[in-house]
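Input: a single structure, listed below in structure tokens.
A note on names: the letters A, B, ... follow the listed sequences, proteins ahead of strands, and every chain is numbered from 1. No experiment lies behind these values; they were computed from the predicted model shown. All values below were derived from every heavy atom in this structure, side-chain atoms included, with hydrogens, water molecules and symmetry-related copies excluded.
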There are 2 protein chains.
Amino acid sequence: MDPRCPTRQLLDRIGTKWTSMAVKLLAEEAPGELRFAELRRRIPGISQKMLSVTLQSLVRDGLVARRVEPTVPPAVHYRLTALGLSLEDPLSALRDWAETHMPEIDRNNQLADESPLD
Amino acid sequence: MDPRCPTRQLLDRIGTKWTSMAVKLLAEEAPGELRFAELRRRIPGISQKMLSVTLQSLVRDGLVARRVEPTVPPAVHYRLTALGLSLEDPLSALRDWAETHMPEIDRNNQLADESPLD
DNA sequence: CAGTATCCTACCCGATACTG
DNA sequence: CAGTATCGGGTAGGATACTG
């Protein structure tokens with residue numbers, strides 16, 4: 001198996017802390033857009049810097065499109081591209097699995113904590 | 001959106017460098033088992049330490065089962081649990097997407113490198 | 001409003017050596 | 001064979017301050 005396989009490269013992207021949340025919010029809005037500040041409001045705990053870094057990476061990958069209204073102050077809108085939207089299918093499958101099975105994983109970890117002799 | 005949502009917790013696990021490869025190899029073998037050294041051989045570049053850490057984490061989560069034959073030297077076998085096997089569906093969907101679309105993402109990044117003024 | 005620019009810390013991961 | 005122990009570098013990510 002190749003440690004540089006496409007799957008690993010993809011996980012290096014969507015595995016970063018805020019990426020999956022940004023993609024989900026933009027997917028819910030698709031084909032509409034969200035502004036920088038609106039995304040910031042909907043992702044509790046994210047800093048301006050991390051939202052900026054996250055979105056730049058998504059734009060660079062071609063998963064998200066950035067549109068600037070040249071007003072003062074500027075209004076910047078983000079939306080998923082067709083490529084980004086196509087990622088929603090496997091990503092929502094992963095979300096469904098997580099919501100269904102993460103509680104069981106949590107229980108398994110608690111059991112491991114209670115029986116440290118295994 | 002909750003930054004501690006199940007999806008993020010799941011990505012924190014399968015997003016680590018070697019986890020998705022270990023799961024894939026064990027899934028291909030399911031319901032059979034693989035030994036430590038055999039996994040090591042099939043994951044080029046992984047160190048003993050990282051394979052050990054990766055497998056321990058998977059066992060702790062209940063995604064992988066560990067079976068020790070008390071011989072000298074010991075023979076340790078790993079296999080996916082039912083829970084681990086259920087993860088294969090969304091994970092293979094993600095792999096399929098990665099193989100199909102990562103080349104396009106690579107091209108997008110190359111274009112971004114060539115046009116730094118955007 | 002939508003970003004940059006710095007600084008700093010935690011921790012993932014690799015390299016290496018050792019062991020029952 | 002299947003681990004554990006230890007050390008160290010690189011980097012993701014947080015806090016804070018500044019700007020067109």
Side-chain angles (χ1 to χ4, degrees), chain A residues 1-5 8-22 25-26 33-61 64-79 112 116-118, chain B residues 1 3-5 8-22 25-26 33-61 64-79 116-118:
Chain A
M1 284 216 47
D2 182 8
R4 298 201 183 283
C5 60
R8 265 253 45 78
Q9 293 183 28
L10 176 59
L11 286 171
D12 280 343
R13 293 153 200 273
I14 65 175
T16 59
K17 185 164 183 181
W18 306 103
T19 299
S20 64
M21 276 179 289
L25 288 172
L26 291 170
E33 304 175 311
L34 284 175
R35 295 183 59 177
F36 188 90
E38 183 60 23
L39 278 165
R40 186 148 153 61
R41 261 188 296 277
R42 297 198 197 179
I43 306 179
I46 198 172
S47 64
Q48 277 188 335
K49 173 194 161 189
M50 286 316 297
L51 181 55
S52 179
V53 166
T54 300
L55 289 172
Q56 280 170 16
S57 176
L58 286 168
V59 169
R60 187 184 162 86
D61 287 340
V64 166
R66 181 177 184 269
R67 184 175 67 82
V68 184
E69 286 182 27
T71 53
V72 176
V76 183
H77 303 256
Y78 294 91
R79 63 174 170 81
L117 298 181
D118 293 351
Chain B
M1 283 215 48
R4 298 202 183 281
C5 60
R8 263 254 44 82
Q9 293 182 28
L10 176 59
L11 286 171
D12 280 343
R13 293 154 200 273
I14 65 174
T16 59
K17 183 163 184 182
W18 305 103
T19 299
S20 64
M21 277 179 287
L25 288 172
L26 291 171
E33 303 176 311
L34 284 175
R35 295 184 58 177
F36 188 91
E38 183 59 23
L39 279 164
R40 186 148 153 62
R41 262 188 295 278
R42 297 198 197 178
I43 306 179
I46 197 171
S47 65
Q48 278 188 334
K49 174 193 160 189
M50 286 315 297
L51 180 55
S52 180
V53 166
T54 300
L55 289 171
Q56 279 170 17
S57 174
L58 287 168
V59 168
R60 187 184 161 87
D61 286 341
V64 165
R66 181 178 183 269
R67 182 174 66 83
V68 184
E69 286 182 27
T71 53
V72 177
V76 184
H77 303 255
Y78 293 92
R79 64 174 169 80
L117 297 182
D118 292 353

(request) Name all residues meeting the side-chain contact (heavy atoms from CB on, under 4.5 Å) criterion together with A:Ala37; count only those two or more places apart in sequence or in a different chain, and write none if there are none. (result) A:Arg41

(request) Mark up nucleotides 13-20 of chain D, 5' to 3', with B wherever a protein heavy atom is under 4.0 angstrom from a base atom, S wherever such an atom reaches only the sugar-phosphate, and - elsewhere. (result) BBB----B

(message) Please report the distance, rounded to the nearest Å, between CZ in A:Arg40 and P in C:dC1.
(response) 10 Å

(message) Just to verify, what does B:Arg13 make a salt bridge (charged side-chain N to carboxylate O under 4.0 Å, His left out) with, not counting sequence neighbours?
(response) B:Asp61

(request) Go through the structure and list residues passing side-chain contact (heavy atoms from CB on, under 4.5 Å) with A:Arg66, not counting sequence neighbours. (result) A:Val59, A:Val68, A:Val76, A:Tyr78

(request) Applying side-chain hydrogen bond (donor to acceptor under 3.5 Å, both in side chains), name anything that partners B:Ser47, two or more places apart in sequence or on another chain. (result) none

(request) Starting from C1' on D:dT4, measure out to CG on B:Leu51 and report it in whole angstrom. (result) 14 Å

(message) Under 4.0 Å, heavy atoms only, any strand: does A:Arg35 hit a base, just the sugar-phosphate, or nothing?
(response) sugar-phosphate

(message) Rounded to whole Å, how long is the line connecting atom CG of A:Leu55 with atom C1' of C:dC1?
(response) 14 Å

(message) Output the rounded distance in Å from CD1 (B:Ile43) to P (D:dA2).
(response) 14 Å

(request) Kindly say if B:Arg66 contacts the phosphate of D:dG3, meaning a side-chain N or O under 4.0 Å from OP1 or OP2. (result) yes

(message) Let me check the geometry of the helix from C:dC1-D:dG20 to C:dG20-D:dC1. What is the bend angle between the axes at its two ends, five pairs each, to 10°?
(response) 50°

(request) Return the value, rounded to whole Å, for the distance between atom CG of A:Asp12 and atom P of D:dG10. (result) 18 Å

(request) List for me each residue that meets side-chain hydrogen bond (donor to acceptor under 3.5 Å, both in side chains) alongside A:Thr16, sequence neighbours excluded, and say none if there are none. (result) A:Thr19

(message) Going by salt bridge (charged side-chain N to carboxylate O under 4.0 Å, His left out), name the residues that satisfy it together with A:Arg40, two or more places apart in sequence or in a different chain.
(response) none

(request) Grab the CG-P distance between B:Leu39 and D:dC1 for me, whole Å please. (result) 14 Å

(request) Give one of base, sugar-phosphate or nothing for A:Glu38, where a contact means two heavy atoms less than 4.0 Å apart. (result) nothing

(message) Does any part of the side chain of A:Arg67, heavy atoms only, come nearer than 4.5 Å to the side chain of A:Arg79, both counted from C-beta?
(response) no

(message) Does D:dG3 have its OP1 or OP2 closer than 4.0 Å to a side-chain nitrogen or oxygen of B:Tyr78?
(response) yes

(request) Check B:Glu38, B:Arg35, B:Glu69 against B:His77 for a side-chain hydrogen bond (donor to acceptor under 3.5 Å, both in side chains) and give me the one that passes. (result) B:Glu69

(request) Mind checking salt bridge (charged side-chain N to carboxylate O under 4.0 Å, His left out) for A:Arg8 and listing every partner two or more places apart, or none if nothing turns up? (result) A:Asp12

